Number of protein chains: 2
Amino acid sequence: MENEILKYLSKYIPITQELEEELNKIEFIKLFPKGTILLEEGKISNECYFIIKGCIRSFYNKDGEEKTTEFYTEEQAVIPSAYGKKIPSEYYIECIEDTITGVGTPELETEVYRKFPQVESLNRALGEVIMAKYQDTFAEFKMASPEERYLALLKNRPDLIQRAPQHQIASYLGIKPESLSRIRKRIVK
Amino acid sequence: MENEILKYLSKYIPITQELEEELNKIEFIKLFPKGTILLEEGKISNECYFIIKGCIRSFYNKDGEEKTTEFYTEEQAVIPSAYGKKIPSEYYIECIEDTITGVGTPELETEVYRKFPQVESLNRALGEVIMAKYQDTFAEFKMASPEERYLALLKNRPDLIQRAPQHQIASYLGIKPESLSRIRKRIVK
DNA sequence: TGCATTTCTTAACTTAAGTCAACGAATTGG
DNA sequence: CCAATTCGTTGACTTAAGTTAAGAAATGCA
């Protein structure tokens, strides 16, 4: 677990001795216990996270009801919409398991990009890949019925169904908990 | 219309004489008539587009039915999920109006990034902004009912309702054309 | 361990979207 | 300009999700 981010980066670019030392110096690994709120609605966001182990969700508070919109797990980056901008966040970010992350800040990023421009290139390329996947996910969501969305989730991220409570999964699928309960019952048959 | 892309870029980075000349040399402005299919399902994608004027949609063919998943208009980038990867596209891309675009290719990008690393930095930063917006759009979509989605579209992209046929708007909202027709009737009251 | 809280399920009922079909309106191409 | 096709609306009916409420199951905490 010493430097999982380096391990991850090394899949994509060669890690020089210099880069390794630099990243070891600045990298900030943190453990957050389950239940930690990493970002609150209305607050300024100055941190992003790379999940080494654990699970994080983002959720809105709509008329007192929590609407989970995203789940993040191992090897995923959590970048709040308001990250680095000086605007209040519209949603919360919470660890739903004990979670180990690398923590990034705009200042850290700027410094690393300046010293190692290749890392910025990599981020540009990785960003495009993640964007493409996300687009596809949104398109599938639009085209599918709630039941189809649940079946797709079972297939694509089966771990989530174990890791997150069902009412959070429900809003992630864009439906009510009662509906998800019925869908599950229907499927068993 | 000589170089709209330079105009757009100049909002974000200083345009040197050298960069301007370079981009003028390599930039490839094309006009596509309404109805042009820019990418077909199953085909390899080697072009991305920056819309100067016009409207482009992406759509899937699900059991013979077209499902429009995205509309792109002025100052938006159209980057197919399969762009630059050597995998077949899962969807079509079509101009639904006469459309003027800047056309990009992976080779062109590589060359520009090599000569003007600042452009790659800008793209990294812009990509993050676009990603954040897209995430917010997806979250809103999940939380809203079909009627609320339509009202949001009316508010946020009112031009689209004039520019695209209603059945395409319907699948963009994740519903059937008959339902959209009824929603519109409900709203007028 | 046991009590309190949260989560999940079930049921009855309401509401709105999906489906199928028909028809008139608008658009397109020759 | 006309014929053909596509598009949008409407109606009747089906299906599934939302709502409300209640109780069972699971979980967390003292």
Side-chain angles (χ1 to χ4, degrees), chain A residues 32-37 55 57 59-68 71 92 94-98 140-154 160-189, chain B residues 32-37 55 57 59-68 71 92 94-98 140-154 160-189:
Chain A
F32 301 104
K34 180 176 176 173
T36 306
I37 301 288
C55 187
R57 71 168 175 138
F59 67 96
Y60 287 70
N61 185 323
K62 273 278 214 231
D63 326 305
E65 214 177 338
E66 290 184 4
K67 302 279 190 180
T68 299
F71 289 108
Y92 296 80
E94 180 196 11
C95 301
I96 65 167
E97 294 177 356
D98 290 349
E140 296 292 343
F141 189 94
K142 275 184 184 172
M143 293 189 288
S145 67
E147 180 167 333
E148 288 167 332
R149 283 176 213 154
Y150 179 70
L151 290 170
L153 187 67
L154 267 179
L160 271 191
I161 284 147
Q162 310 305 322
R163 298 170 85 165
Q166 206 167 299
H167 65 283
Q168 290 177 11
I169 303 269
S171 54
Y172 177 67
L173 295 173
I175 59 177
K176 299 281 172 213
E178 297 91 331
S179 292
L180 179 52
S181 188
R182 277 190 291 241
I183 286 169
R184 283 162 50 88
K185 201 170 145 192
R186 255 192 339 250
I187 286 169
V188 181
K189 286 187 204 161
Chain B
F32 300 104
K34 179 175 176 174
T36 306
I37 301 288
C55 187
R57 70 168 177 140
F59 67 96
Y60 288 71
N61 185 321
K62 273 280 217 228
D63 326 306
E65 215 178 337
E66 290 184 3
K67 302 278 190 181
T68 299
F71 290 107
Y92 296 79
E94 180 196 9
C95 301
I96 66 166
E97 295 176 357
D98 290 349
E140 296 294 343
F141 189 94
K142 275 183 184 174
M143 292 189 290
S145 67
E147 180 166 334
E148 288 167 333
R149 283 176 214 155
Y150 180 70
L151 291 169
L153 188 66
L154 268 179
L160 270 191
I161 283 146
Q162 309 305 322
R163 298 171 86 167
Q166 207 166 299
H167 65 283
Q168 288 176 13
I169 303 269
S171 54
Y172 177 67
L173 296 173
I175 59 177
K176 299 282 171 210
E178 297 93 327
S179 292
L180 178 52
S181 186
R182 280 187 211 115
I183 287 170
R184 283 161 51 88
K185 201 170 146 192
R186 259 198 328 256
I187 287 170
V188 181
K189 286 188 202 161

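Just so it is clear, the model here is predicted, and its values are computed rather than measured. Naming convention: chains lettered A, B, ... in sequence-line order (proteins, then strands); numbering from 1 in each chain.
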From C:dC8, C:dA17, D:dT10, nucleotide with atom closest to A:Pro165 side chain: C:dC8
Candidate nucleotides D:dT9, D:dA16, D:dG18, ranked by approach to the side chain of A:Ile175 - the nearest: D:dG18
Let me know the distance between [atom1] of [X] and [atom2] of [N], rounded to the nearest Å.
X        : N      : atom1 : atom2 : value
A:Glu148 : C:dA17 : CD    : C1'   : 14 Å
A:Gln168 : C:dC8  : CD    : P     : 8 Å
B:Glu65  : C:dC20 : CD    : C1'   : 13 Å
A:Glu66  : C:dT7  : CD    : C1'   : 13 Å
A:Gln162 : C:dC8  : CD    : P     : 12 Å
A:Glu147 : D:dT15 : CD    : P     : 14 Å
B:Lys176 : D:dT15 : NZ    : C1'   : 14 Å
A:Asp98  : D:dG28 : CG    : P     : 12 Å

How about [X] and [Y]: do any of their side-chain heavy atoms sit closer than 4.5 Å?
X        : Y        : result
B:Lys176 : B:Glu65  : yes
A:Phe141 : B:Phe141 : yes
A:Gln168 : A:Ile96  : yes
B:Gln166 : B:Leu180 : yes

So, is [X] close to the [N] phosphate, meaning a side-chain N or O under 4.0 Å from OP1 or OP2?
X        : N      : result
A:Arg184 : C:dT10 : no
A:Arg182 : D:dT19 : no
B:Lys185 : D:dT10 : yes
B:Ser179 : C:dA17 : no
B:His167 : D:dG8  : yes
B:Gln166 : D:dT6  : no

Cationic tip of B:Arg163 above B:Phe71 ring, under 6.0 Å, 45° of axis: no
Show the distances under 3.5 angstrom between N or O atoms of the protein and N or O atoms of nucleotides 21-30 of chain C.
none

A:Arg57/A:Glu66 ion pair, N-O < 4.0 Å: yes
A:Arg149-A:Tyr172 side chain donor-acceptor pair, cut-off 3.5 Å: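 No - no donor-acceptor pair under 3.5 Å links their side chains.
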